[in-house]
There are 2 protein chains.
Amino acid sequence: MATIKDVARIAGVSVATVSRVANNDPKVSDKTKTKVSKVMGDLGYTPNANARALVKQKSMIMGVVIPQLTDPFFASLANGVEEVARSENMQLLLSTGLFDAESERKAIALLIEQQCDIMVVHSKILSDEELTALAARKPGLVLIDRYIDAIKERCIWIDNFEGGRIAARHLISLAHQDFAVISSVHEIDDPKLRMEGFRSELNTAGFSLSEQLIELNEPNLRGGEIAAQNLLSSGKKFTAIFVYNDAMAIGAISTLEDNGFSVPNDISVLGFDDVLLSRYSRPKLSTLNYPIEEMATHAARLALRLNNKKQPQNINLDTYKYVPRLVKRESTSRFGH
Amino acid sequence: MATIKDVARIAGVSVATVSRVANNDPKVSDKTKTKVSKVMGDLGYTPNANARALVKQKSMIMGVVIPQLTDPFFASLANGVEEVARSENMQLLLSTGLFDAESERKAIALLIEQQCDIMVVHSKILSDEELTALAARKPGLVLIDRYIDAIKERCIWIDNFEGGRIAARHLISLAHQDFAVISSVHEIDDPKLRMEGFRSELNTAGFSLSEQLIELNEPNLRGGEIAAQNLLSSGKKFTAIFVYNDAMAIGAISTLEDNGFSVPNDISVLGFDDVLLSRYSRPKLSTLNYPIEEMATHAARLALRLNNKKQPQNINLDTYKYVPRLVKRESTSRFGH
DNA sequence: TTGAAAGCGCTACCAG
DNA sequence: CTGGTAGCGCTTTCAA
């Protein structure tokens with residue numbers, strides 16, 4: 001690879017001048033600029049971003065940590081960050097944390113090693129303390145989908161409890177009385193909060209949620225299938241299911257229909273997330289919209305601002321909290337038609 | 001951020017020693033190692049990957065270029081590369097090329113600037129010449145989903161023509177006689193090759209494909225909906241559709257059913273790709289499996305090998321070509337039951 | 001408008 | 001086993 005020195009030597013100028021040309025410094029004569037540019041082209045010169053980052057003490061890399069890429073929800077998250085990176089002429093460094101603490105910790109550490117000072121982190125596993133300490137060290141780190149009170153000005157999150165309540169209200173308004181829940185087996189707050197919100201609203205309306213009609217499983221299509229199967233096997237009656245996410249909901253519908261139940265005629269199914277796929281499943285999935293891409297964009301921009309030390313003057317923390325929005329499609333309907 | 005010098009000063013050793021400890025060099029006394037490690041911990045020292053890459057003339061970054069992240073097909077591709085990166089203790093730098101030449105060119109250039117010498121590139125837009133020139137400069141660059149004869153030992157690709165033939169054979173074997181095609185409007189080889197293969201096999205069997213029953217649109221759910229609508233509007237008869245990809249196929253099914261046609265009873269629909277979602281759509285989608293994640297893993301490993309100058313001794317180019325595999329589910333059935 | 005040179009943080013070579 | 005130091009490719013003063 002040709003370096004700045006090669007260009008300088010061949011063009012008969014100093015490296016300083018080449019650097020100026022490479023960076024579009026206005027105080028270079030047109031003549032020199034033309035000459036140097038030509039040599040750059042001939043040699044196929046590409047500036048070394050590592051060297052540049054080293055001397056400038058800042059890299060043009062934006063980092064994002066997500067559990068996995070194949071989940072469309074997280075792909076959307078990454079995509080939101082990528083859009084901001086692109087608009088800032090930055091590059092996207094992506095680390096996956098799987099779902100265990102050690103990988104997640106390592107994913108973040110690797111990002112830091114790469115000197116990326118803007119990072120959007122999705123972590124459900126690491127403790128509040130650990131994340132808070134990390135945030136203290138990296139001003140440009142923002143958490144997404146997580147709320148930690150000590151660093152609330154660094155958190156872009158969604159109100160899961162309220163989501164559960166909205167779900168309950170919807171199902172109740174449809175005259176259902178026997179509810180089931182399919183949730184995630186993962187030991188994180190989201191499923192718990194959603195379920196609490198759901199139960200809370202149910203109780204308020206005078207209904208209750210039977211423990212036997214709560215099924216936990218992996219938050220993916222397969223998990224939804226299994227959970228629905230278990231629900232069916234329980235023999236208990238239910239006419240509406242609130243499901244942890246769209247993937248599980250679609251898996252559940254698949255099992256339900258394979259077993260001769262019609263959705264929503266026999267059983268209503270309500271998802272969560274509103275991934276693109278939910279619009280195209282059959283029946284089209286009623287769900288709660290989780291504006292993850294918008295949130296990711298927000299988080300990335302916030303990280304950018306925070307890193308510039310420009311503490312936002314009048315931050316309105318309310319805007320950091322998102323509330324899921326009911327999207328009524330076809331998988332939920334009035335009980336008994 | 002604490003640097004190696006800070007650690008050296010506080011630990012009372014030279015930077016050389018700190019470097020050795022950081023790199024697990026065996027010839028450091030346990031005593032020194034313990035002492036230095038402690039200081040590293042106290043200071044929260046993190047090695048600077050940029051500086052390291054600069055002096056070692058190699059980065060621990062693996063790059064991948066895809067059009068976009070939100071398409072599950074490309075997410076799987078990226079995921080395959082990511083798995084290899086992880087297993088090699090490397091980081092994943094992801095650039096999206098959208099679908100235009102300039103962005104794609106820039107995406108690759110940025111990866112090169114970041115000194116990532118292992119790259120898996122999905123490019124449908126750039127010319128054979130441009131890509132060949134790029135490959136000549138970067139020994140660790142591998143193309144995926146593209147075949148260029150001049151650099152065939154750097155291409156991991158799928159036989160689209162054969163895919164089209166397999167599709168035709170399947171539909172013919174189901175006694176269909178009136179075929180439609182929904183394909184991508186993009187000016188790339190894949191849709192053309194698939195259609196050629198499809199048509200070729202049709203002709204061989206004595207059938208023909210009417211130009212009026214070929215609909216091109218954007219290769220996504222929405223595009224599939226519109227294309228199916230147009231097919232319906234044409235008034236021409238067809239009982240089987242070969243669709244460019246699963247997303248379009250699901251969009252098409254959506255439109256078909258909204259218009260009162262049952263899939264597969266009235267019309268059979270065959271997709272392409274076999275993304276996870278195809279297993280969970282209603283009806284479950286018959287499709288051609290495109291082992292993209294496996295191919296991506298293969299590509300990443302190949303890039304790794306090539307970059308190590310270790311020209312694979314006995315490369316079997318046949319293994320670089322993948323053939324789609326028919327996955328029969330529910331969206332295709334025998335004509336007239 | 002241009003050049004010389006210091007130095008970013010690190011590794012690797014050479015001495016000791 | 002440890003230290004001194006050159007130098008990776010680049011930017012950025014400071015001088016000219």
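These numbers come from the heavy atoms of this one structure, side chains and all, not from hydrogens, waters or symmetry mates. We name chains A, B, ... by the order of the sequence lines, and we start the count at 1 in each one.
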- What class does the angle between the rings of Y290(A) and F73(A) fall in, given that below 30° is parallel, 30 to 60° is tilted and above 60° is perpendicular? perpendicular

Closest to the side chain of P47(A), out of dC8(D), dC10(C), dC10(D), is dC10(D)

Quiz item: Base, sugar-phosphate, or nothing: which does V18(A) touch, judged by heavy atoms less than 4.0 Å apart?
Solution: nothing

Base, sugar-phosphate, or nothing for S19(B), non-hydrogen atoms under 4.0 angstrom? base

For a 4.5 angstrom cut-off between non-hydrogen side-chain atoms, does Y322(B) reach I156(B)?
yes

Rounded to whole Å, the NZ-C1' distance (K58(B) to dC10(C)) equals 15 Å

From CZ of R52(B) across to C1' of dG9(D) the rounded distance in Å is 18 Å

- prompt: With a 4.0 Å cut-off on heavy atoms, is K27(B) in touch with a base, just the backbone sugar-phosphate, or nothing at all?
  reply: base

Ranking dC8(C), dT2(C), dC8(D) by distance to the side chain of V28(A), first place goes to dT2(C)

**OP:** Respond yes when some side-chain nitrogen or oxygen of K5(A) is under 4.0 Å from OP1 or OP2 of dC8(D), and no when none is.
**Re:** yes

Touch class at under 4.0 angstrom, heavy-atom based, for N23(B) against every strand present: sugar-phosphate

Has T3(B) got a side-chain N or O lying under 4.0 Å from the OP1 or OP2 atom of dC8(C)?
-> no

- With a 4.5 Å limit on heavy-atom distance, are the side chains of Y45(B) and V7(B) in contact? yes

In whole angstroms, the gap separating P of dG9(D) from NZ of K56(A) amounts to 19 Å

Between CD1 of I112(B) and C1' of dG9(D) the distance, given in whole Å, is 17 Å

Per nearest nucleotide of DNA chain D, the residue lying toward the 5' end, I4(A) or R20(A), is I4(A)

Rounded to whole Å, the NZ-P distance (K31(A) to dT1(C)) equals 12 Å

Rounded to whole Å, the CG-C1' distance (D25(B) to dT2(D)) equals 11 Å

- State whether a side-chain donor-acceptor pair under 3.5 Å links D100(A) with S103(A). yes

Judged by nearest nucleotide, the residue sitting upstream toward the 5' end of DNA chain D, Q57(B) or D30(B), is D30(B)

To the nearest angstrom, the CG-C1' distance between D6(A) and dC8(D) comes to 13 Å

Practice task
Establish, with yes or no, whether the OP1 or OP2 oxygen of dG3(D) is under 4.0 angstrom from a side-chain nitrogen or oxygen of T17(B).
Solution key: yes

N50(A) atom CG is separated from dC8(D) atom C1', nearest whole Å, by 10 Å

Tell me, with the steps shown, if S37(B) and T34(B) meet side chain to side chain donor-acceptor pair (under 3.5 Å).
-> CA-CA 5 Å; S37(B) 299; T34(B) 313; over 6 Å; no

Out of dT11(C), dT2(D), dC8(D), minimum distance to the side chain of V15(B) belongs to dT11(C)

